[in-house]
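Accompanying notes for the structure given below.
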Amino acid sequence: MAVGSELLTPFRVDTNSLFITERLNTVGFDVRLKTVVGDNVDELSALLRQSLTWADLIVLTGGLGPTADDITRDAVASVLGLPFDEDEATVARIRERFTRRGMVMQEINRRQALVPRGAALLENPNGTAPGLWMEHGKTAIVLLPGPPREMKPMFEAVLRDRLAHLGGGFGLFRRVLKITGRPESEVDARAQPIYGPWAHQEVPISTTILAVLGQIELHLTATAASAEGASRVLGPAVRALQRALGDDVYSVDGSALEEVVGAALRERGLKVAVAESCTGGLLTSRLTDVPGSSGYVDRSEVCYSNQAKIDSLGVPASLIDQHGAVSEPVARAMAEGIRKKAGTAVGIGVTGIAGPGGGTPDKPVGTVAIAVLSGTDARVRTFQFVGAREMVKFQSAQAALNMLRLMLKPSAADGAS
Ligand code: ATP
Ligand code: MG
């Protein structure tokens with residue numbers, strides 16, 4: 001149960017439950033219900049009473065703060081009919097935390113030290129509010145603070161110390177293959193004959209295909225008694241799909257495309273410079289989302305107008321006149337220009353029509369030319385993306401990253417040497 005009125009607005013989304021359900025699955029809990037409820041004692045109490053009739057475990061996050069709208073503790077205690085005791089050690093710890101930051105603890109913070117009688121306190125290394133563990137009949141109840149960076153380590157500790165042995169000894173284990181550069185239908189046509197029979201083998205693997213923008217994910221799930229047991233089944237399955245899908249699989253360990261590209265650049269000791277037009281800096285933003293990217297990203301320029309391409313990147317005006325700003329020769333000249341300026345081994349140029357205006361019959365909206373240069377190797381391609389403006393931008397960045405990834409991949413010849 002995600003508690004917090006802000007989670008019922010369009011401005012905040014409950015992400016805690018994604019983490020919690022994933023972790024619960026790994027120890028074999030079958031998640032039957034998840035809810036988002038506002039900071040309201042009546043609704044929360046009703047929901048709790050109902051869930052107590054059938055659930056073995058109820059996890060609540062949020063609403064453990066010191067203010068009057070933080071009602072989770074009150075609702076749970078009143079439903080279970082428990083009085084509160086103030087925990088002196090917790091008051092001292094909260095006061096100490098304030099003192100260390102040169103602040104004075106306010107009286108209302110004492111609320112966070114109120115413990116329903118019989119509850120166990122769960123330590124919060126990253127915040128003031130401790131969590132609570134309670135048992136009522138056959139149901140265990142866990143209360144955790146809302147902020148994800150406080151909640152996550154606390155939930156990990158509860159999972160390890162109190163929940164792992166309750167889950168029935170079997171867990172759901174998942175592997176994710178990430179694929180780009182090929183439509184979903186083609187991926188499934190190749191993959192289905194391989195994963196189809198796995199659903200009926202001795203330890204079945206269930207497979208889900210998930211297409212998101214510019215990327216396809218294959219989720220393989222198996223039930224096993226241990227991580228090792230799961231690996232024995234899922235490991236060969238992942239390898240079989242990798243063989244069938246070849247270079248289109250860019251990650252089998254959850255890493256993002258920009259991380260894979262970053263690792264390849266680092267490994268090869270290469271630095272990259274980027275010249276972006278239609279992506280407006282998105283490609284560089286994604287490259288620099290990766291910690292440590294200063295080790296291989298040299299610079300980037302957004303050259304949106306023709307004049308900027310001419311002035312900053314040395315793209316010849318005649319080239320733009322002759323081929324148009326969205327063309328392979330211009331993308332290549334952009335990549336060459338930025339690479340020369342930066343003195344890097346790798347240069348990327350992206351130019352396209354993100355729309356909704358600006359399309360022509362021979363260059364419709366979604367036409368994007370991308371050039372990637374690495375040493376003496378050059379790849380230049382024109383793509384035709386569909387979708388709204390931001391979708392074209394994202395797919396352009398995705399395609400540029402993927403072109404670079406494929407270029408940096410050790411070739412068969414390298415492997416043989
Ligand atoms: P605090 O002591 O920080 O007040 P709290 O337990 O009262 O802790 P909340 O006030 O409910 O927590 O939430 C604090 C912040 O944590 C919210 O602003 C929200 O952004 C984030 N948060 C709360 N619940 C969730 C959730 N289910 N998913 C993602 N973020 C959440
Ligand atoms: Mg709150």
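Small disclaimer: the values here were computed from a predicted structure and weren't measured. The chain is numbered in sequence order, starting from 1.
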Next item on the list: Examine distances only and state if a side-chain atom of Q395 and a backbone atom of V386 form a donor-acceptor pair shorter than 3.5 Å.
Entry: yes
Notebook entry, point to check: Ignoring hydrogens and geometry, is there a side-chain-to-backbone donor-acceptor pair from Q398 to T180 under 3.5 Å?
Noted result: no
Note to self: For V261 versus L401, what's the shortest heavy-atom pair and its separation?
What the structure shows: CG2-O, 3.4 Å
Notebook entry, point to check: Any idea which heavy atoms bring T72 and G62 closest together, and the distance?
Noted result: OG1-O, 2.7 Å
Check: Can you find a heavy atom in the side chain of V274 that is under 4.5 Å from one in the side chain of I338?
Finding: no
Next item on the list: May I ask you to check whether Y250 and Q215 show a side-chain donor-acceptor distance below 3.5 Å?
Entry: yes
Margin query: Applying side-chain hydrogen bond (donor to acceptor under 3.5 Å, both in side chains) to D14 and S17, what does each step give before you reach the verdict?
Written below: CA-CA 7 Å; D14 158 40; S17 67; 2.7 Å; yes
Notebook entry, point to check: Is the side chain of D161 donor-acceptor paired with the backbone N or O of V158 at a distance under 3.5 Å, no angle test?
Noted result: no
Check: Quick one: do the K309 and S277 side chains pair a donor with an acceptor below 3.5 Å?
Finding: yes
Checklist line | Check against salt bridge (charged side-chain N to carboxylate O under 4.0 Å, His left out), D298 and K271 | finding: CA-CA 6 Å; D298 179 86; K271 287 195 171 22; over 6 Å; no
Next item on the list: For residues L7 and V37, determine if any side-chain heavy atom of one lies less than 4.5 Å from a side-chain heavy atom of the other.
Entry: no
Next item on the list: Start with the C-alpha gap between S45 and D42, add the side-chain angles, then the distance that decides, and say whether side-chain hydrogen bond (donor to acceptor under 3.5 Å, both in side chains) holds.
Entry: CA-CA 5 Å; S45 302; D42 293 340; 5.5 Å; no
Notebook entry, point to check: Any donor-acceptor pair under 3.5 Å linking the side chain of Q201 with the backbone of V203?
Noted result: yes
Next item on the list: Answer yes or no: is there a side-chain heavy-atom contact under 4.5 Å between T139 and L57?
Entry: no
Notebook entry, point to check: Would S231 and R175 count as a side-chain hydrogen bond (donor to acceptor under 3.5 Å, both in side chains) if you check the C-alpha gap in whole Å, the side-chain angles of each, and the deciding distance to 0.1 Å?
Noted result: CA-CA 9 Å; S231 284; R175 291 290 162 79; 3.0 Å; yes
Item checked: Any donor-acceptor pair under 3.5 Å from S255 side chain to S251 backbone -> no
Next item on the list: State whether the side chain of E86 and the backbone N or O of L114 hold a donor-acceptor pair below 3.5 Å, judged by distance alone.
Entry: no
Check: Just wondering, do L24 and L163 contact through their side chains at under 4.5 Å, heavy atoms?
Finding: yes
Checklist line | Within residues 219-231 or reaching into it, pairs that qualify as salt bridge (charged side-chain N to carboxylate O under 4.0 Å, His left out) - sequence neighbours excluded | finding: none
Check: Checking K393 side chain against G280 main chain: does a donor-acceptor pair fall under 3.5 Å?
Finding: no
Note to self: Could you report the tightest heavy-atom contact between P145 and A129, atom names first, then the distance?
What the structure shows: CG-O, 3.8 Å
Notebook entry, point to check: Where do T26 and F173 come nearest, in terms of heavy atoms and distance?
Noted result: O-CZ, 4.1 Å
Item checked: Under 3.5 Å side-chain donor-acceptor pair for E6 and T9 -> no
Next item on the list: Answer whether the closest heavy-atom distance between the side chains of L33 and S51 falls below 4.5 Å.
Entry: yes
Checklist line | Within-4.5 Å side-chain heavy-atom neighbours: L80 and I141 | finding: yes
Next item on the list: Could you check N16, L48, V142 and say which one makes a side chain to side chain contact (heavy atoms under 4.5 Å, CB included) with L60?
Entry: L48
Notebook entry, point to check: For R110 and E107, what are the C-alpha separation, side-chain angles and deciding distance, and is it a salt bridge (charged side-chain N to carboxylate O under 4.0 Å, His left out)?
Noted result: CA-CA 6 Å; R110 281 180 175 270; E107 270 311 293; 3.0 Å; yes
Next item on the list: Give the minimum heavy-atom separation between K138 and W54, together with the two atoms involved.
Entry: NZ-O, 3.1 Å
Notebook entry, point to check: Where the side chain of E259 meets the backbone of A256, is there a donor-acceptor pair that is under 3.5 Å apart?
Noted result: yes
Checklist line | Residue pair T90 / Q112, side-chain donor-acceptor N/O under 3.5 Å | finding: no
Next item on the list: Sorted by first residue and then second, give each salt bridge (charged side-chain N to carboxylate O under 4.0 Å, His left out) pair with at least one member in residues 147-160; sequence neighbours left out.
Entry: R23-E156
Notebook entry, point to check: Where the side chain of R339 meets the backbone of G375, is there a donor-acceptor pair that is under 3.5 Å apart?
Noted result: yes
Margin query: salt bridge (charged side-chain N to carboxylate O under 4.0 Å, His left out), that's the test. Do R379 and D377 meet it? Break it down for me.
Written below: CA-CA 7 Å; R379 299 197 190 170; D377 197 0; 3.8 Å; yes
Next item on the list: Output the distance between atom CZ (R286) and atom CG (L257), rounded to the nearest 0.5 Å.
Entry: 6.0 Å
Next item on the list: Would you check if the side chain of R389 reaches a backbone N or O of G355 as a donor-acceptor pair within less than 3.5 Å?
Entry: yes
Next item on the list: Start with the C-alpha gap between E301 and K341, add the side-chain angles, then the distance that decides, and say whether salt bridge (charged side-chain N to carboxylate O under 4.0 Å, His left out) holds.
Entry: CA-CA 11 Å; E301 286 189 34; K341 214 166 166 177; 2.7 Å; yes
Next item on the list: Considering non-hydrogen atoms only, spot the tightest contact between N306 and A325 and give its length.
Entry: OD1-CB, 3.3 Å
Checklist line | Heavy-atom side-chain contact between I20 and M151 under 4.5 Å | finding: yes
Note to self: Are the side chains of L132 and P116 in contact, using a 4.5 Å heavy-atom criterion?
What the structure shows: yes
Next item on the list: Determine whether more than 12 heavy atoms belonging to other residues, nucleotides or ligands lie under 6.0 Å from atom CZ of R12.
Entry: no
